[in-house]
Amino acid sequence: MTQANNPLHGIKLETIVTELVEKYGWEELGSRISIRCFNENPSVKSSLKFLRKAEWARDKVEYLWLKTNKLPLPPPKIYDADKTSSKPTASAKPVSKNHEVKSTPGANADIWGK
């Protein structure tokens with residue numbers, strides 16, 4: 001498999017986060033992408049730790065970096081909240097505040113363009 005058409009190939013996540021923080025600052029970055037690691041006691045180290053675990057959050061950060069650098073944008077991904085649960089129930093409550101944000105229509109619309 002070749003990465004010739006992937007604009008993120010060879011770019012470290014740490015580089016992406018650092019460049020976004022230099023351009024926007026933590027406060028603006030936290031308002032553009034509403035995740036706790038940008039809004040509460042932010043640091044590059046804690047952000048990297050979270051972004052490596054949460055694919056949906058990493059995709060938003062990578063998308064913002066691509067948009068900021070005017071590079072080709074991938075189509076937005078759709079995340080299925082039921083992938084992690086074995087038995088979805090009608091009365092299931094969100095696992096965390098971040099879960100609510102990613103499933104809310106219009107959240108981070110300034111990033112995704114919706």
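Quick caveat: nothing in here was measured; it's all calculated off a predicted structure.
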Enquirer: Only distances under 3.5 Å count here; give the side-chain donor-acceptor pairs of residues 13-21 to other protein atoms, sequence neighbours excluded, each with its distance to 0.1 Å.
Expert:
residue	atom	partner	partner atom	Å
T18	OG1	E14	O	2.7
E19	OE1	W65	NE1	2.7

Enquirer: Please give me the minimum heavy-atom distance between K67 and L73, naming the atom from each residue.
Expert: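 Nearest heavy atoms, K67 then L73: N-CD2, 3.6 Å.
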Enquirer: What is the distance from atom CD of E62 to atom CG of L71, rounded to the nearest 0.5 Å?
Expert: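 It is 12.0 Å, given to the nearest 0.5 Å.
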Enquirer: Let me confirm one number: the OG-CZ distance from S46 to R36, rounded to the nearest 0.5 Å.
Expert: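 Between atom OG of S46 and atom CZ of R36 there are 11.5 Å.
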Enquirer: What is the distance from atom CG of L29 to atom CD1 of I35, rounded to the nearest 0.5 Å?
Expert: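 Between L29 CG and I35 CD1, I get 7.5 Å after rounding to 0.5 Å.
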Enquirer: Closest heavy-atom contact between S47 and C37?
Expert: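 For S47 versus C37, the nearest heavy atoms are OG-O, 3.5 Å.
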Enquirer: Can you name the closest pair of heavy atoms from P72 and L66 and give their distance?
Expert: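 Reported closest heavy-atom pair: O-CD1, 3.9 Å.
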Enquirer: Nearest 0.5 Å please: distance from the CD1 atom of I33 over to the NZ atom of K60.
Expert: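 Answer rounded to 0.5 Å: 8.0 Å.
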Enquirer: If you look only at pairs with a residue in residues 8-29, which of them pass as a ring-ring contact (aromatic ring centres under 6.0 Å, His included), with sequence neighbours excluded?
Expert: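 Checked against ring-ring contact (aromatic ring centres under 6.0 Å, His included) - neighbours excluded - the pairs reaching residues 8-29 are W26-F38.
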Enquirer: Of the non-hydrogen atoms in N39 and S31, which two are nearest, and what is the gap between them?
Expert: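 Looking at all heavy atoms of both residues, the shortest contact is OD1-N, 4.2 Å.
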